[in-house]
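I have placed the structure first, in the form of structure tokens, so that the comments after it can refer back to it.
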Amino acid sequence: MVMTNLDLKAMPLIRYESGDLGLPGPLERCPCGRGLPRLQIVEGRQNDCLKMRDGRRISPYRLTCAIEKIAGILKYQVIQTDWDDFTVRIRLAKKDETHISVLIQETMISILGAEIRLKLDYSAPLKTRAGSKYRVVESMLKPQVMS
């Protein structure tokens, strides 16, 4: 999102790039009467996005909203290890790996695309990198220019 704020008289913010991603809201007028464009949703930070080989950036919010609808998952973690490679670490409420595996695969493919390679791991610990908070969705790709 790029914003302009002219309220700050001493130093207005012009074309300030916040690093947030969002979706535009409906075009109809706001109930308050303002006619300016509105946001429907703020999806998160651009830095936190999964980066796909074709240049798309996928907000982690899209994955978490979809995966959290799958019943039987206690805790999970999605890790992007390469452009097309993803590992999903999962802790289940009860042992029903087959059914949940199919649902997770369908969900991930519907959001990320059919070209992804997916590994489901029911035994790996759900962990964080040293010195950082627990991330449900994390890309391990190093910042670089795509070839």
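We count residues from 1, following the sequence as given.
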### Task
Using the side-chain contact (heavy atoms from CB on, under 4.5 Å) rule, take Leu92 and Tyr122 through it: C-alpha gap first, then chi angles, then the decisive distance, then the call.
CA-CA 8 Å; Leu92 300 177; Tyr122 293 91; 3.6 Å; yes
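- Between Ser101 and Leu120 the shortest side-chain heavy-atom distance falls below 4.5 Å.
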- [ ] Kindly indicate, with the supporting measurements, whether the criterion side-chain contact (heavy atoms from CB on, under 4.5 Å) is fulfilled by Leu63 and Leu50.
- [x] CA-CA 10 Å; Leu63 281 176; Leu50 300 171; 3.3 Å; yes
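- If you check the side chains of Ser123 and Asp121, you find a donor sitting under 3.5 Å from an acceptor.
- Both Ile100 and Phe86 belong to a common hydrophobic cluster when Ile, Leu, Val, Met, Phe, Trp and Tyr are linked at side-chain heavy-atom distances under 4.5 angstrom.
- Applying the side chain to side chain donor-acceptor pair (under 3.5 Å) test to residues at least two apart or on different chains, the pairs with a partner in residues 68-82 are Glu68-Tyr76, Gln77-Arg89, Gln80-Ser139.
- Residues that satisfy the side-chain contact (heavy atoms from CB on, under 4.5 Å) test with Arg135, not counting sequence neighbours, are Asp48, Glu138.
- The environment of Leu27 atom CG is sparse: at most 12 non-hydrogen atoms of other residues, nucleotides or ligands sit within 6.0 angstrom.
- Hydrophobic clustering (ILVMFWY, side-chain heavy atoms < 4.5 Å, transitive): Val88 and Ile58 are in one cluster.
- Residue Pro60 comes nearest to Cys49 through the heavy atom pair CD-CA, 4.0 Å, listed as atom of the first residue, atom of the second, then distance.
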Query - Step-by-step side-chain contact (heavy atoms from CB on, under 4.5 Å) determination, Lys51 to Trp83 - result: CA-CA 7 Å; Lys51 294 146 193 85; Trp83 292 107; 3.8 Å; yes
Under the side-chain contact (heavy atoms from CB on, under 4.5 Å) criterion, do Tyr61 and Val137 qualify, and how do the steps go?
CA-CA 9 Å; Tyr61 184 71; Val137 179; over 6 Å; no
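- Between the CZ atom in Arg117 and the CG atom in Asp85 there is a gap of 4.0 Å [rounded to 0.5 Å].
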Show the atom names and distances, to 0.1 Å, of all donor-acceptor pairs under 3.5 Å that link a side chain in residues 104-112 to residues at least two apart or in another chain.
unit_1 : atom_1 : unit_2 : atom_2 : d
Thr107 : OG1    : Leu103 : O      : 2.8
Ser110 : OG     : Glu106 : O      : 3.4
Ser110 : OG     : Thr107 : O      : 2.8

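- Both Tyr134 and Val78 are part of a single hydrophobic cluster, where members link through side-chain heavy atoms under 4.5 Å apart.
- Note on Val136: it clusters hydrophobically with Ile70, by side-chain heavy-atom contacts below 4.5 Å among ILVMFWY residues.
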